[in-house]
Amino acid sequence: MYQAIVFLPLLGCLIAGLFSRSIGVRGSEYVTSGFMVISAVLSWIAFFAVGFGEGEAFTVPVLRFIQSGGLDVDWALRIDTLTVVMLVVVNTVSAVVHIYSIGYMHHDPHRPRFFAYLSLFTFAMLMLVTSDNLVQMFFGWEGVGLASYLLIGFWYRKPSANSAAMKAFIVNRIGDFGFALGIFGIFVLFGSINLETVFTNAANLSGGASAGGEVALDFLGMELDKSTALTAICLLLFMGAMGKSAQVPLHTWLPDAMEGPTPVSALIHAATMVTAGVFMVARLSPIFELSHTALSVVTLVGAFTAFFAATVGLVQNDIKRVIAYSTCSQLGYMFVALGVGAYGVAIFHLFTHAFFKALLFLGAGSVIHAVSDEQDMRRMGGLRKYVPMTYWMMIIGTISLTGVGIPATLIGTAGFFSKDAIIETAFVGENAFAGIAFGLLVIAAVFTSFYSWRLIFMTFHGKPRASADVMHHAHESPLVMLVPLFVLAAGSLLAGIFFVEYFIGHEYEHFWKGALFILPDNNILEEFHHVPFYVKLMPFIAMLLGLATAYLFYIRRPEMPKNLAKQHRGLYAFLLNKWYFDEIYDFLFVRPAIRLGRFLWKRGDGWMIDGFGPDGVSARVLDVTNRVVKLQTGFLYHYAFAMLIGVAALVTWMMLGSAF
């Protein structure tokens with residue numbers, strides 16, 4: 001069963017990519033979508049069998065992979081509760097995105113290639129989450145990076161899509177370099193990259209990790225003891241997570257990735273690929289638990305990212321970019337939970353976030369489909385009557401994202417349970433930045449509610465701001481696009497109620513079965529259930545405050561946002577331009593790199609290497625031959641004269657030779 005879950009998407013990719021001319025466009029869509037539905041169903045079966053069963057974690061061997069010296073790597077699937085949770089997330093979202101794309105991409109002539117790329121991405125993500133060793137994880141890690149590049153740049157004739165694809169690929173290479181160094185460090189420190197061996201050695205190392213002493217790792221000329229080496233390794237691994245999961249300062253690729261088709265945004269940049277970093281830190285929790293410094297850094301970066309992205313989302317006008325910055329912010333929430341040691345809470349938010357964020361992205365795609373590919377919310381408005389089903393699906397996604405529910409009860413949306421739990425764990429967290437994280441997350445919750453309802457009010461309420469022709473053709477999406485929204489809406493409403501007790505409640509130990517590691521002295525999972533009532537109430541108040549402000553700005557007094565923007569031009573420009581991160585990077589890195597490249601091209605390659613090398617030698621040869629060729633005039637008397645000169649010279653030489 002597990003081999004089928006993982007390899008059916010690869011089979012669909014190969015069939016659609018290699019045999020699309022034989023089976024046709026429809027055949028490519030149905031084959032890839034059918035295989036994904038089968039994988040999704042099997043994933044849910046595995047989820048209940050492993051998560052709610054009595055068995056322990058196990059591996060499913062696939063093939064021999066690498067055996068070189070001390071490196072012995074088998075290709076195997078690691079099956080535990082964390083794995084099956086990720087299988088459900090990846091395959092469920094991928095299945096509904098495949099089905100949705102049948103309608104959304106109906107007019108695109110290259111649909112077989114698109115569906116092949118979707119299935120390729122899914123296979124790479126499945127290899128990542130089922131990895132039994134770090135080489136296999138890195139294979140999946142790079143595979144999703146490749147598939148992301150292909151999908152973002154799917155419309156390759158569009159310059160902005162090409163630029164966005166290259167930006168995503170390059171920025172992720174920075175993080176992946178750190179991830180690779182972290183893997184090397186693990187091999188040096190633990191003598192293996194097989195997860196079970198590494199975790200066993202980490203448990204043995206934990207007793208002396210803080211004691212310092214002998215040199216354990218030589219890194220960049222620095223001799224590190226065990227404790228410092230563990231911190232360095234964890235920070236390098238987290239560097240990879242920052243790139244893949246779009247954390248500041250490696251976040252700039254995520255909003256630009258919206259240049260790809262909307263289903264790509266839902267699959268890759270909302271629910272699956274961007275959660276790879278969260279999954280990796282949770283999977284390697286036995287290592288991260290040994291470095292309080294690294295966990296503190298994770299907490300700080302996550303909290304700042306949640307706050308930063310929420311501020312930028314306040315003023316964005318592209319409907320997909322608003323949701324993209326929301327994704328960036330919610331990922332920050334997840335890393336805060338990881339940083340304070342609440343790994344189950346982080347994965348719970350990953351699980352619920354997949355439903356409501358994919359719902360919001362696909363709902364935005366339905367809106368874009370209805371208004372002739374328009375994405376600017378300033379040119380929308382009044383669409384509630386034209387796309388009523390899409391409107392209610394977006395409402396469900398919004399109330400789940402903003403965490404609508406009754407505090408201290410089991411009544412609420414999926415986001416209510418998971419996001420509020422993160423804020424509560426930050427309140428009781430014990431690392432150096434937990435208090436700061438709590439404050440930033442509450443503020444981010446206010447902003448999240450504001451920009452989420454701003455999107456709803458600007459898009460669906462008020463007077464239509466689109467042209468009469470666009471509004472005349474506005475229409476509801478077909479069932480092939482609406483049914484996936486219904487599935488995701490059910491998850492957005494019910495996933496929290498059904499699974500909260502298992503992910504973070506009283507059934508925690510029985511559900512996770514050791515898949516997530518926490519040190520014995522870490523009582524955060526018990527403490528966050530007993531926070532003061534006012535702490536439980538703060539996310540609810542934040543949600544209401546954001547909703548009320550958005551209602552005032554965009555329903556009651558729609559002139560207020562324009563007036564505020566005019567009064568605070570500097571702040572508005574600062575947020576609209578995303579804190580000028582792109583401009584700063586362009587000044588610090590892009591332009592110097594271009595100047596250096598141009599210098600090396602013109603002076604190094606052109607003037608020096610070519611000038612004194614191949615081009616210089618060929619130029620001298622041509623110069624000599626051009627001079628020599630002038631001796632060949634073609635006149636007979638010139639040749640006769642030359643012969644006479646030669647004879648005279650020969651006679652003279654013979655005479656001089658005989659005289660001596």
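Computed from a predicted structure; not experimentally measured.
- The aromatic rings of Phe308 and Trp579 lie perpendicular to each other, with more than 60° between the two planes, well past the 30° mark.
- For the residue pair Ser418/His349, the side-chain donor-acceptor check at 3.5 Å is satisfied.
- Shortest non-hydrogen contact noted between Leu441 and Ala426 is CD1-CB, 4.3 Å.
- Taken to the nearest 0.5 Å, the CD1 atom of Ile174 stands 7.5 Å off from the CZ atom of Phe589.
- Residues Phe179 and Met239 have side chains not in contact (no heavy-atom distance under 4.5 Å, counting atoms from C-beta outward).
- In this structure, the side chain of Ser245 engages the main chain of Val274 through a donor-acceptor pair within 3.5 Å.
- A pairwise comparison of heavy atoms in Leu359 and Ala489 identifies CD2-CA, 3.8 Å as the closest pair.
- Residues Leu150 and Phe169 form no side-chain contact, since every pair of their non-hydrogen atoms from C-beta on lies 4.5 Å or further apart.
- When the salt bridge (charged side-chain N to carboxylate O under 4.0 Å, His left out) test is applied to Asp376, the partners found at least two apart in sequence or on another chain are Arg378, Arg379.
- Between Lys562 and Glu559, no side-chain nitrogen of the basic residue sits less than 4.0 Å from a carboxylate oxygen of the acidic one, so the salt-bridge criterion is not met.
- Looking at Ile422, Leu350, Val336 one by one, the single match for side-chain contact (heavy atoms from CB on, under 4.5 Å) with Val345 turns out to be Ile422.
- In this structure, CG on Leu126 lies 10.0 Å from CG on Leu10, to the nearest 0.5 angstrom.
- With respect to the salt-bridge test (charged N to carboxylate O, under 4.0 angstrom), the residues Asp582 and Lys167 qualify.
- Taking CG from Asp586 and CD1 from Ile594, the interatomic distance works out to 7.0 Å, rounded to the nearest 0.5 Å.
- Using a 4.0 Å cut-off between charged side-chain N and carboxylate O, Lys244 and Glu142 make no salt bridge.
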Original post:
Yes or no on side chain to side chain contact (heavy atoms under 4.5 Å, CB included) for Thr390 and Leu482, after CA distance, side-chain angles and deciding distance?
Top reply: CA-CA 8 Å; Thr390 298; Leu482 290 178; 4.0 Å; yes
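- For Ile411, the side chain to side chain contact (heavy atoms under 4.5 Å, CB included) partners are Ile406, Thr409, not counting sequence neighbours.
- Between the SG atom in Cys13 and the CZ atom in Phe123 there is a gap of 9.0 Å [rounded to 0.5 Å].
- When all heavy atoms of Thr262 and Gly365 are compared, the pair lying nearest together is CG2-CA, 3.5 Å.
- The side chain to side chain donor-acceptor pair (under 3.5 Å) check on Ser39 picks up nothing, with sequence neighbours excluded.
- Between Tyr391 and His461, the ring-plane angle classifies as perpendicular under the 30° and 60° cut-offs.
- No donor-acceptor distance shorter than 3.5 angstrom exists from the side chain of Ser372 to the backbone of Val470, with no hydrogens or angles considered.
- Not one N or O on the side chain of Thr92 forms a donor-acceptor pair closer than 3.5 Å with the backbone of Val89.
- Under the 4.5 Å side-chain criterion, counting only non-hydrogen atoms from C-beta, Val367 is in contact with Met380.
- In this structure, Lys320 and Pro261 approach most closely via the heavy-atom pair NZ-C, 4.0 Å.
- With rounding to the nearest 0.5 angstrom, the CD1 atom of Ile268 is 11.0 Å from the CG atom of Leu254.
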Original post:
Could you go step by step and tell me if Leu455 and Thr398 meet the side chain to side chain contact (heavy atoms under 4.5 Å, CB included) rule?
Top reply: CA-CA 9 Å; Leu455 184 152; Thr398 298; 5.7 Å; no
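- Aromatic rings from Tyr386 and His473 are positioned such that their centres are separated by 6.0 Å or more.
- Ring orientation note: the planes of His369 and Tyr104 are tilted relative to one another, at an angle of 30° to 60°.
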Original post:
Between Ile152 and Asp256, is a side chain to side chain contact (heavy atoms under 4.5 Å, CB included) present by the stated rule, with each step listed?
Top reply: CA-CA 9 Å; Ile152 296 170; Asp256 288 2; over 6 Å; no
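- Using cut-offs of 30° and 60° on the angle between ring planes, the pair Trp44 and Phe351 is perpendicular.
- Tyr149 is listed as a side-chain neighbour of Met166, based on a closest heavy-atom distance under 4.5 Å.
- Within 6.0 Å of CH2 in Trp392 there are 12 or fewer heavy atoms belonging to other residues, nucleotides or ligands.
- For Lys578 (side chain) and Val312 (main-chain N/O), no donor-acceptor pair under 3.5 Å exists by modelled atom type.
- In this structure a side-chain-to-backbone donor-acceptor pair under 3.5 Å is present from Arg465 to Met458.
- Between Leu267 and Phe361, the closest side-chain pair of non-hydrogen atoms is not below 4.5 Å.
- Ring centers of Phe114 and Phe154: under 6.0 Å apart, within the cut-off.
- Listed for the Ser449 side chain is a donor-acceptor partner under 3.5 Å among the backbone atoms of Leu547.
- In plain terms, the two heavy atoms of Pro159 and Arg157 that are nearest each other are CD-O, 3.4 Å.
- Annotation: the span from Met389 atom CE to Glu476 atom CD amounts to 7.0 Å, rounded to 0.5 Å.
- The environment of Phe587 atom CZ is sparse: at most 12 non-hydrogen atoms of other residues, nucleotides or ligands sit within 6.0 angstrom.
- Side chains of Met377 and Gln316 form no contact here, defined as non-hydrogen atoms less than 4.5 Å apart.
- Between the side chains of Ser400 and Ser492, no donor-acceptor pair of N or O atoms lies under 3.5 Å.
- Atom CZ of Arg557 has 12 or fewer heavy atoms from other residues, nucleotides or ligands within 6.0 Å.
- Side chains of Tyr325 and His251: a donor-acceptor N/O pair is absent below 3.5 angstrom, by distance only.
- The closest side-chain heavy-atom distance from Asp318 to Met258 is not below 4.5 Å.
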**OP:** Could you walk me through whether Ser366 and Val387 pass side chain to side chain contact (heavy atoms under 4.5 Å, CB included), step by step?
**Re:** CA-CA 9 Å; Ser366 184; Val387 288; 5.5 Å; no
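- Looking only at distances, a side-chain donor or acceptor of Thr122 sits under 3.5 Å from a matching main-chain atom of Leu118.
- Between Met86 and Thr275, the shortest heavy-atom contact is CE-OG1, 4.1 Å.
- Ring geometry for Tyr580 versus Phe574: interplanar angle of 30 to 60°, hence tilted.
- At most 12 non-hydrogen atoms from other residues, nucleotides or ligands lie less than 6.0 angstrom from CG of Leu479.
- In His475, the NE2 atom is crowded: over 12 heavy atoms of neighbouring residues, nucleotides or ligands sit closer than 6.0 Å.
- For the pair Phe457 and Pro558, the minimum side-chain heavy-atom distance is 4.5 Å or more.
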